[in-house]
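Any value given below was found using the heavy atoms of this structure, including those in side chains, with hydrogens, waters and symmetry copies removed. Predicted, not measured: the structure shown is a model, and the values here were computed from it. So you know, we letter chains A, B, ... as the sequences are listed, proteins then strands, and number each from 1.
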Amino acid sequence: MIFYDTVTIDPFLGRENNVKGTTPIFQQTAGLKHPEAVNRETELRYLQLLQGLPAAVYTCDAEGYIEFYNQAAVDLWGREPTIGIDLWCGSWKIYQTDGTPLLLNKCPMAIALLEGRAVLGAEIIVERPDGVRRTIAPHPRPIFDEAGKVVGAINMLVDITDRKRSEAALRESEERLRVATESADLGTWHWYPLTGELIWDARCKELFGVAADLEMDYQRFIMSIHPEDRERTQKVVDYVLTPVSGGHYDIEYRTIGCQDRKLRWLRAKGKAYYNDAGKTFRFTGTVQDITQQKETEQRIRESEERFRLAAETAELGTWDMDIATGIAVTSELLHKILGDHHTSWTRSKFLAIVHPDDRYIVENGLTMAIQSGRLFYEVRIINPDKTQRWIRVNGKTFYDVNKKPVRLLGTILDITDHKLAKDGLEKTVADQTRELRQANEKLEKSNHELEQFAYIASHDLQEPLRKIQTFSSLLEMSVENTILSKNYFDKINSSALRMSVLIRDVLNYSRLAKGDDEFKESDLNQIVENVITDFELLIKEKGATVITEKLPTIRGIPHQLQQLFSNLISNSLKFAAANPVITITSGKWSRPDLNPHQEYIQLVFQDNGIGFEQKFSEQIFTIFQRLNTRESYKGTGIGLALCKKIVENHRGVIEATSELGKGATFRITLPV
Amino acid sequence: MSQGITCFLVDDDTDDLEIFAIAAAETGESITCITANDGIDALRQLRQDETFIPDFIFLDLNMPRMNGKQCLVEIKKIERLMHIPVVIYSTSAQQRDFDDTLKLGATYFFTKPPSISALAETLGALFRSCKTKLPLRKRENLSAG
């Protein structure tokens, strides 16, 4: 038995500089004073000490045979080693930390003995007979004698299974975090305010526009923040560093990249950890790039602002109604439009101010909107002061993911003025139409009266005229006629006759002016033929030639057209020179000045008669207008006026061109 | 029955009656003219004397109390006069009057011409037709004169 009189206990320190265990160092000192008694007491104390140690301790001799072990070792090994047999380690089986079996003679204890040095930092796995494995950290040290020769070794085994497990758990957790932060594009940071250490991961540095290799400190961090956000951020950080804040850190700020000068919006979240003194020893968290989000938010805000402005400019009140509850969020303008009845609006409140007769429109509108997705109606509302206003409601339905209608959004516009104007306009139009109709009726009546007058007048005028003619001729027959008396009688007769013709012509003209004759498909060839037949005698007498082309058929009043042709041919025959030639031709024509959408034909009546001066070309169409004396050419001067009237009845035009002595050309343009 | 032709004239205008008589004489035929001043007078005469059967009835249209068309209708109701030609002899030249009177049973229609000779010519043709019993249905040319 070897006795030691000096035991040095070295603390065995962990990573955080805290005591994890002890390594007892046994030494033999030279010069024992009272070997027996002292040794025995000391021995007992040491034994008790060793036994009491929570760590497994055992020794072996120079060959490796285990000499001493404590209870903790037995517990650890799960067995009691047999003195003199077990070598180096009392464990059933041992393994490397990777699971490969370890030979006993290669265990740290064996190495310490063999190489005569302490083996530090080793970790092995011991397996107990019951199969349970523990990870241990052995601390073998050789024991030297005075001469420095290895006489044995001592080993302390520390069960680090739990530590190992938690280390693994931590690694796992860190790995999970890393994956999480990587996928969330989060940068992570750790700040130790007490030491000033600031650790940023690569992503974090990226978000601050900083090179990956740059060392960060708090100063640099603050300076990277946008000047406008710096003070605010500083304040928040200061606050979070105090325990009263609860340690929760959540802030948004802009950064201007230190090195890339890029502007970013970041959101930083984190937690502060306080020590017992209330100081933050650790402050850790994440940052996220929310630039995109912020820009989108900005765009939305701008868009909403634009909309609000537009609505205001257009004087639209806006509303946003939840269909289920009927509660609406409304704009100020809407309140104005609806008349400030309430401070908040619901569907039922709205319905209450709608004119009773129009309420069904609102109900129907809602049903339609839910079905079709669009809301539209115009109704009257009643203001607090009992006046009525017209409003136009426009809206759109919004559905949830299940296609259920949940929201109605829309506008309200006051259209009272518009309605009044429209109604006013309608009324004006109605009034004007009525006035027009009345005017028309008056005109018709007047025309009718005129016609009657013309008829009666002509009739009553013809009557005495006839008497004059008749009795004048009787008189002529009953008296002895001298040349003079014959002359006088002639004058009486011709005047009476002229008057008769005049009356007849005037009557004709007035009847033509009526213009309510029926339009028929009129074959102009037939009409010309009729006229030529009528004038057969006169044509023969004058030796005239009438040349006609094939003429078209047009929509017209046949007897009026006949009168037109008759008058023209009559004129041509009347104002003929020797060998009169009358040609009648036609062609397609268009008259944009009359009616751009109407097709016309132009009839050309040309003769080789006496003609007239072109300057009178319009005058000749005036009623009773004559260019020659009565003596030279018969006629009342109504013929061409009649022609003009007829042409006008057909919505056409008549124009004359001529030269004295070179005949006359009449162009008549008529719609087809 | 006398050799000549009896004409029953219904016209309110005495001048026209006179003119008629003169023209009738000019035809060379022997004409007897019985006159009535208006429709009512005419019907009275016709109804009163049942033996009175003229060869022609000349009817003016514009008459007071009862106009020519009404009178025509009434005349045509008298059985013994149904076959007698009724001539509308009027100042009117209206197509309408022509159509109406013909529908009502008038045989002939002509407008009062402004000359005796023209009238005489027309009457002459009329009387001759009566003699030969040829039906005469002609519309006088409106533009005469």
Value rounded to 0.5 Å, distance of [atom1] in [X] from [atom2] in [Y]:
{"X": "Glu26(B)", "Y": "Met477(A)", "atom1": "CD", "atom2": "CE", "answer": "5.0 Å"}
{"X": "Glu18(B)", "Y": "Leu474(A)", "atom1": "CD", "atom2": "CG", "answer": "7.5 Å"}
{"X": "Thr91(B)", "Y": "Leu465(A)", "atom1": "OG1", "atom2": "CG", "answer": "12.5 Å"}

Is the [atom1] atom of [X] crowded by more than 12 outside heavy atoms at less than 6.0 Å?
{"X": "Glu121(B)", "atom1": "CD", "answer": "no"}
{"X": "Ile547(A)", "atom1": "CD1", "answer": "yes"}
{"X": "Asn579(A)", "atom1": "CG", "answer": "no"}
{"X": "Glu50(B)", "atom1": "CD", "answer": "no"}
{"X": "Leu443(A)", "atom1": "CG", "answer": "yes"}
{"X": "Phe616(A)", "atom1": "CZ", "answer": "yes"}

Legend entry - Structural part of Glu463(A) lying under 4.5 Å from a heavy atom of chain B: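 Just the side chain, heavy atoms under 4.5 Å.
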Inset, instruction - Search all heavy atoms of Ile116(B) against all heavy atoms of Ser473(A) and return the closest pair with its distance. - result: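 The pair with the smallest heavy-atom distance is CG1-OG, 3.9 Å.
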Legend entry - Nearest heavy atoms of Pro114(B) and Arg466(A), plus distance in Å: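 Heavy atoms only, the tightest pair is CA-CG, 3.6 Å.
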Legend entry - Sub-4.5 Å side-chain heavy-atom contact between Lys112(B) and Gln462(A):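 Heavy-atom side-chain distance check fails, nothing below 4.5 Å.
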Inset, instruction - Could you have a look at Asp13(B), Leu119(B), Ile22(B) and say which one has the most heavy-atom pairs with chain A under 4.5 angstrom? - result: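 Between Asp13(B), Leu119(B), Ile22(B), the count favours Asp13(B).
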